[in-house]
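To start, the structure itself, in structure tokens.
Start at 1 and go down the list; that is how both ligands and their atoms are numbered.
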Amino acid sequence: MDRDHDDRIGRALEVLRSGGLVAIPTETVYGLGADADNAAAVRRVFSTKGRPADHPLIVHIADADAMSVWAADVPDDARTLAARFWPGPLTLVLWRATKVLDVVTGGLDTVALRSPDHPDAIALLRAFGGGIAAPSANRFGRVSPTCAAHVAEDLGGDVDFILDGGPCRVGLESTIVDLTGEAPVILRPGMITADAIEAALGRAVVRTATGPSRAPGMLRAHYAPRARVELISREGLADALAGCRDERVGVLRSGADMDLRIRDGVRAYDLGSDQDDAARRLYAALRLADHDGVTRLLVVLPPEGVLGPAVEDRLRRAAAATDS
Ligand code: TXA
Ligand code: MG
């Protein structure tokens, strides 16, 4: 690695060790990181984000070996999934070890663990040796940041150092799977699908979390731009456009709908041609719509399944945030 790279990791390390906040690049989204063993630093994560204290944070670790530091007993399923998907966009909810601070878990008996797949995050975690507690580095309820500029825009001077690792390769938050019950439960869909998890485990997983208490912070309404978001079908576009003459309108569409005619003055945003593209581009597109002053964003939703469960989940939440 070059000198500049070493300097940046070194600076991030210093900030973490002194109880500061570092924005860290991961393959999913940027995280707002603090030393998971430093209660004051973790509290500052909550206040900086404006996040309620009962919404627990994910502890980021260098590799699967560190699971047993943070989890009380590590089930075989956790080892299997870590071996198959880590480092990567999968978070495991396990029974917490006694050392885990209450402020990290929001007082829950469980802890969420993830080993992120980004060279800078891995270098930092290895050098640090401990765990980094980090939520997405956005203000509470807003769109997650997928590049360093997004973090600066949201948190600016409230974060001590932004470790710029370029644009996020995946672009959507990790899949969260709870391994503390009878059967594994997907608490948040992500780019590692329920099918892939079932295949790795050789048993069924529960795809929708029913109890709202299981993943505090998984609100129905979330991930929202400022614009009012409405999900429509391809056939519904003309009517929807006709219905919002007085607004600054944007249209967000993907692959199959790129041929749709959009009248002058309406901003168009593209999700690209496949599920990976859509995941990578979604949050930047929502932020761009905000920058453009769009007040009403019409999302042309292809038939269910085309964009994949994770992108569809985020779009539904963005629309729910602006319901009523
Ligand atoms: O990809 C990601 O997961 C990103 C990057 C930075 O790693 N992080 C992220 O963090 O999306 P955040 O805080 O925005 O979302 C974490 C979610 C929250 O919905 C929280 O409720 C859930 O994880 N969570 C954390 N600890 C939990 C636990 N012990 N039990 C159930 N859910 C938990
Ligand atoms: Mg978040």
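Note on ligand 1: T105 sits outside its first shell, no heavy atom being nearer than 4.0 Å. Heavy atoms of R51 approach ligand 1 to within less than 4.0 angstrom.
Enclosure of atom CG in D76 is not indicated, since only 12 or fewer non-hydrogen atoms of other residues, nucleotides or ligands lie within 6.0 angstrom.
Considering backbone and side-chain N/O of K49, none are found under 3.5 Å from N/O of ligand 1. Ligand 1 has no N or O atom lying under 3.5 Å from any N or O atom of H55, backbone or side chain. Every N/O-N/O distance between T26 and ligand 1 stays at or above 3.5 Å. For ligand 1, the polar-atom distance check against E173 finds no nitrogen or oxygen pair separated by under 3.5 Å.
Each of T26, T28, T91 was scored for a side-chain hydrogen bond (donor to acceptor under 3.5 Å, both in side chains) with S174, with one residue passing: T91.
Contact annotation: for R96 versus ligand 1, there are no heavy atoms closer than 4.0 Å. Contacts between D178 and ligand 1 below 4.0 angstrom, taking non-hydrogen atoms only, are absent altogether.
No hydrogens or angles considered: nothing links the side chains of S136 and E173 as a donor-acceptor pair under 3.5 Å. There is no side-chain donor-acceptor pair under 3.5 Å between Y283 and N138.
At a threshold of 2.8 Å, the Mg ion (ligand 2) has a backbone or side-chain N, O or S atom of S136 nearer than that distance.
The distance from ligand 1 to the heavy atoms of H60 drops below 4.0 Å at these ligand atoms: 5 (C), 6 (C), 7 (O).
Less than 6.0 angstrom separates the ring centroid of F140 from the ring centroid of H55.
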